[in-house]
Amino acid sequence: MILPIYAFGHPVLRQKTREIEAPSDAVLKLIEDMFETMYNASGVGLAAPQIGKALRLFIVDTVQIDKEKDGIKRAFINPQMLDESGEPWDYEEGCLSIPDINGDVTRPPDIRIKYYDTAFQLHEETFTGMDARVIQHEYDHIEGILFTDLLKPLKKKRVQKKLDKIKQAKINLKYPMEFARF
Ligand code: NI
């Protein structure tokens with residue numbers, strides 16, 4: 001089932017998220033719906049707050065980015081970032097909650113993260129490059145951080161009007177979205 005994606009300005013994107021206590025059919029169904037929703041919007045990652053759930057959960061599929069390279073496709077349940085390291089690099093990010101805005105974000109290239117998979121098995125893994133980049137972006141979502149918070153000051157100023165438009169739902173939709181109500 002395709003779910004509406006919550007747009008910039010909706011309070012759920014800034015809400016404190018809670019852990020998923022145990023595996024359930026409802027959680028598995030939610031993850032399935034999140035994948036369907038992400039693919040429908042041509043995304044490579046999606047976090048639970050973006051579909052209106054304040055949960056520590058996100059999905060990633062970087063296999064789509066470059067078919068030549070081994071990407072990852074998985075759900076991260078109750079993830080915990082353990083370490084970020086290496087020489088920070090810039091990459092132009094975007095976000096399904098913030099359509100038609102892109103901008104360079106500086107992040108370290110190597111991460112170590114702990115998370116549960118859909119069988120509720122605990123993993124501790126390292127990721128690098130694009131896999132790490134997408135995970136960092138999605139991890140930020142469950143911490144209430146959006147990539148536009150991390151833009152350089154001048155760029156942040158430049159996108160402000162566009163952000164206000166999204167907040168007020170004054171945009172053309174490419175996929176179903178839910179907006180803040182004032
Ligand atoms: Ni995003």
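Just so you know, ligand 1 is whichever comes first in the structure, and atom 1 is the first atom listed for that ligand.
The pair Arg133-Asp90 does not meet the salt-bridge criterion, since no charged nitrogen lies less than 4.0 angstrom from a carboxylate oxygen. Salt bridge annotation for Lys156-Asp149: absent, with no cationic side-chain nitrogen under 4.0 angstrom from a carboxylate oxygen.
Excluding waters, the set of protein N/O/S atoms under 2.8 Å from the Ni ion (ligand 1) reads Cys95 SG, His137 NE2, His141 NE2.
A cation-pi contact, defined as under 6.0 Å to the ring centre and within 45° of the axis, is absent between Lys165 and Phe8.
The aromatic rings of Phe127 and Phe76 sit perpendicular, their planes meeting at an angle over 60°, well past the 30° parallel limit. Classified by interplanar angle (parallel below 30°, tilted 30° to 60°, perpendicular above 60°), the ring pair Phe120/Tyr116 is parallel.
Gln160 and Asp164 form a side-chain donor-acceptor contact under 3.5 Å, judged by distance and modelled atom types alone.
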